Number of protein chains: 2
Amino acid sequence: MTKPVTIEDLARITGVSPSTVSRVLNGNKGVAADKRALVLEAAEKHHYRPNAVARGLVSGRSMTIGVVVQDIATPFFANMLVGIEQGLDQSGYRSMFASTLWRDNDPNDDHEPFHVLLDRRVDGLIVLAGQASDQFLRDLAEQIPIIIAARKVEGLEDRCISIDNVEGASTITRYLIGLGHKRIAHITGHRNHPDALDRLRGYRLALEEAGIEYDEELVVEGSFHEESGLKGVEQLLTRGVRFSALFAGNDQTAYGAMLALASHNFRIPNDVSVVGFDDVSLSAYTLPPLTTIRQPAVAMGRAAAESMLRLLSGNDPEVPHFQTELIIRKSAAIYH
Amino acid sequence: MTKPVTIEDLARITGVSPSTVSRVLNGNKGVAADKRALVLEAAEKHHYRPNAVARGLVSGRSMTIGVVVQDIATPFFANMLVGIEQGLDQSGYRSMFASTLWRDNDPNDDHEPFHVLLDRRVDGLIVLAGQASDQFLRDLAEQIPIIIAARKVEGLEDRCISIDNVEGASTITRYLIGLGHKRIAHITGHRNHPDALDRLRGYRLALEEAGIEYDEELVVEGSFHEESGLKGVEQLLTRGVRFSALFAGNDQTAYGAMLALASHNFRIPNDVSVVGFDDVSLSAYTLPPLTTIRQPAVAMGRAAAESMLRLLSGNDPEVPHFQTELIIRKSAAIYH
DNA sequence: CTGAAAGCGCTTACAG
DNA sequence: CTGAAAGCGCTTACAG
């Protein structure tokens, strides 16, 4: 473990002052050409690398932006993270992630990931969905530049990047109705998850418009995971309700649902149509490929990063508006 | 943007010296109980939070460990990252990720993610697979504690956590052979990827053992992505070669392959058996559920973090050995 | 038990 | 154009 070379070292080697070394290293104007060359050469030769920690302490900027995420391993979030990295690239900023999910026992741990990041003096915070309260996020916004993605926070509208879940859900439900389906089941996300609530609302809205009565026997609670799609279908089947189509709360739920249906010998889409929400990249490869609503995760992540960059340079974040899009593949068909 | 309170502030408020404040904040012994109480109360009241940057500068430890990863959005890597977070939890250390993948144009950028991390003075580095050269990693190991996961580096064996790809591949190929298959196709990973090479070797090994001649017409190059599974099958079909089973280089490749086969009206596993490698969590939910080789990503990530922690505390890393496991589901069946 | 001082590696006015 | 000095927020010997 060799000690990294410092500016002090370089100064000693080249015979100029540390100030001058610092200046040439920072591409600062006004340094004699010969000294500049000297320093640059020495830096190169000794593999000098600036200590970002020290630099951060004096400049007050760590050049890293914190990202709070529920679960890295969820395809949708993973894609947003990719987008964030893309958006930050070339900016000199880097992202640092902090997650919670898998330790959801301790409720006041909800703030723990925020603190790790804040303590490390990140220059800004991008929050992906998550269960921190609106109030907490509002307070945070007083302390540090913040952008929120895949979630809407009252009072922070100009910092939120999200799609309209009600609209997306009603669009895909309408699509099923247009295919002739009347008995449409729905497996929701977590009971209190805002997205889950909005999607349920969109589903009901579309039914209402079409004059189809809402039947609570047709909806079961899920959790946005594959497992819950599987269980959801089992529940529906146990209840003995008839349905010709199923709107799963998200794509992962749809995967589980399709498996359960197949194992009960229902053919998709001939016997029952299945649709999801999100359009995770895998959904183009399921059997059959999944009809779903696209929520542009990568683009949203990139936009979050870009808005953050704008915020950090003192400008208006200008968060863009994202539209959902109906992606028609093979998992839903005309009712007969 | 309110300025965070500092130790200096706390000293002024409580009337003790900064040294004393620092001591009580660090749970240091030997401080009068009354002063301790005073400081603690003030810290609480003013929401004091230590500046990890300053602390890092003096202690020389940033309490963050860098993780270099090819692609966060790949399920296998995402799971390793989850494992790393789990392993670091409670240790006070945090991870910072840096990836490259999606900018694979510039070859000498390969080292860029290492530099961002090194410049920020991470205390250790966990490298997940990746294309940095063995030599580069060996050099790195001289500078900083390093653990390498999902890859083997010569000379750094005691720092590598990986499974035996040859063994895994030969195991699953043997399984197919045991089912009666003789014409087994294989879609590899990237041409030069060590894992891809090892899996191909394992495949050939098993064939050889069984006295089945290796037929290069049966193997096509893939890239470990869904898309390449799809294309791989198309190629095989175009070649007009007969095969009753297909060993995909990894699970994602298998997904694409299954889709292609299905769209050509092959039933899985009745007409052709398909197996993968990795056992990503989704593989339990495909149609049919995928028979595959499990590479315990989360556990490996956790082990990497734990070994790193050991290394940082001056102990032997004690990297554990991981075994692959054959996971039998529904995508492969007896040949007839 | 406690404070003054030095120092971590850098940047940035301030003089010259 | 260039160096000496101060300072970022903390920790840690060093005296007392």
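The basis for the numbers below is simple: all heavy atoms, side chains too, and nothing from hydrogens, waters or symmetry mates. Every value quoted in this text rests on a predicted model; they were computed, and no experiment measured them. Naming convention: chains lettered A, B, ... in sequence-line order (proteins, then strands); numbering from 1 in each chain.
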Q) Which comes earlier along DNA chain C counting from the 5' end, the contact point of B/Leu57 or that of B/Ala33, where each point is its nearest nucleotide? A) B/Ala33

Q. Starting at the 5' end of DNA chain C and moving along, which residue's nearest nucleotide shows up first, B/Pro18 or B/Lys29?
A. B/Lys29

Q: Salt-bridge test for B/Arg94 and A/Glu112: reply yes if a basic N is under 4.0 Å from a carboxylate O, no otherwise.
A: yes

**Q.** Ion pair B/Asp134/B/Arg151, N-O distance below 4.0 Å
**A.** yes

Q | With B/Pro317, the side chain to side chain contact (heavy atoms under 4.5 Å, CB included) member among B/Leu311, B/Ile161, B/Leu309 | A | B/Leu311

Q: Identify the residue among A/Leu125, A/Leu312, A/Ile144 that makes a side chain to side chain contact (heavy atoms under 4.5 Å, CB included) with A/Ile65.
A: A/Leu312

Q) Are side-chain heavy atoms of A/Glu154 and A/Arg138 found at a separation under 4.5 Å? A) yes

Q | Base-pairing string, 5' to 3', of DNA chain D - Watson-Crick or wobble, under 3.5 Å, | interstrand | A | |||.||||||||.|||

Q: I would like to know whether B/Phe136 and B/Phe114 meet ring pair (Phe, Tyr, Trp, His ring centres under 6.0 Å); could you show each step before the answer?
A: CA-CA 10 Å; B/Phe136 178 75; B/Phe114 290 93; 5.0 Å; yes

**Q.** 5'-most by nearest nucleotide on DNA chain D - A/Gly15 or B/Glu8
**A.** A/Gly15

Q | Heavy-atom donor-acceptor pair, A/Asn79 side chain to A/Val298 backbone, under 3.5 Å | A | no

Q. So where does chain A start and stop touching DNA chain C, 5' to 3', when the test is distance under 4.0 Å to a non-hydrogen atom?
A. C/dG9 to C/dA13

Q: Could you give me the CA-CA distance, side-chain angles and deciding distance for B/Gln143 and B/Asp139, then say whether side chain to side chain donor-acceptor pair (under 3.5 Å) is met?
A: CA-CA 7 Å; B/Gln143 297 176 233; B/Asp139 291 347; over 6 Å; no

Q: Identify whether any heavy atom of B/Ser59 sits under 4.0 Å from a base atom; if not, whether one sits that close to sugar-phosphate; answer base, sugar-phosphate or nothing.
A: nothing

